[in-house]
Amino acid sequence: GESVGLHLPTLSVQEGDNSIINCAYSNSASDYFIWYKQESGKGPQFIIDIRSNMDKRQGQRVTVLLNKTVKHLSLQIAATQPGDSAVYFCAENNYGQNFVFGPGTRLSVLP
Amino acid sequence: NAGVMQNPRHLVRRRGQEARLRCSPMKGHSHVYWYRQLPEEGLKFMVYLQKENIIDESGMPKERFSAEFPKEGPSILRIQQVVRGDSAAYFCASSPRLAGDYEQYFGPGTRLTVT
């Protein structure tokens, strides 16, 4: 289930289940969005991106959904694996201005 | 093709000393961004530089912090007279900033500890 920790919300899922991580973005003019994965002690790693003229994009085991009406972005991970355990950030960009990062969600995969 | 390089990976400074953090962007990238991350928090934008120019420093504290990206060599984030509150991970990202391509590639970060 999902819980709010001291700082980072945490999502715990069973290995093999699907994960859905949500993000509310702030700027209705943002036209480009990225999901990043950050493992402990490492820099953020690009997972998947989507432009505002799309509402869905699929990668390998990951899907990003964009709902511009409610300014909501989600990341779906199919068949979650232990290696997916990390903190996930969404980032929004407004026509080449700087990225604004969301607060992050910690994904914990249970054996 | 090497990724974004940052050094040092760990830096310990006493209060009042100076910290210099270096970032070498990916080959062919002329745009560099610096972010700060406190434990259990997201990344906060600090400054965006292009070669020899500061494009946006709206996220940088007005005092003690400065950044440069010279024509030759790495980008430098400099923190003078460090205080304990400067302890954080500092990440650099680079981008080609080609038309419509805003993707940023991150380095491994420098973890600054102020004692």
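Proteins come first, then strands; the chains are lettered A, B, ... in the order of their sequence lines, and each starts at number 1.
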Under a 4.5 Å heavy-atom cut-off, does chain B meet the side chain of A/F99, its backbone, both or neither?
->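 Looking at A/F99, backbone and side chain both touch chain B.
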Side chain, backbone, both or neither of A/Q38 within contact of chain B (heavy atoms, under 4.5 Å) =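 It is the side chain, since no backbone atom gets that close.
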Can you check whether B/Q37 reaches A/F89 side chain to side chain, under 4.5 Å on heavy atoms?
->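 Yes, at least one pair of side-chain atoms sits under 4.5 Å.
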Taking the side chain as every heavy atom from C-beta outward, state whether B/F106 and A/Q45 have any pair of such atoms under 4.5 Å apart.
->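 In short, these two side chains do not touch, never coming nearer than 4.5 Å.
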I'd like to know if [Y] and [X] are part of one continuous hydrophobic network [Ile/Leu/Val/Met/Phe/Trp/Tyr, side-chain heavy atoms within less than 4.5 Å].
X      : Y      : result
A/V64  : A/L66  : yes
A/L11  : A/L110 : no
A/Y88  : A/I50  : yes
B/Y33  : B/F91  : yes
B/L112 : B/V12  : no

Name the option with the most non-hydrogen atom pairs under 4.5 Å to chain A; the candidates are B/L43, B/V4, B/D56.
->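 Maximum pair count with chain A is reached by B/L43.
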Is the number of heavy atoms from other residues, nucleotides or ligands within 6.0 Å of CD (B/Q81) greater than 12?
->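 It does not: B/Q81 CD has 12 such atoms or fewer within range.
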Which atoms form the tightest heavy-atom contact between B/E103 and A/D49, and what is the distance?
->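 Closest approach of B/E103 to A/D49, heavy atoms only: OE1-OD2, 4.4 Å.
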Let me see the working for A/F101 and B/Y35 under side-chain contact (heavy atoms from CB on, under 4.5 Å), right down to the final yes or no.
-> CA-CA 10 Å; A/F101 282 76; B/Y35 294 85; 3.6 Å; yes
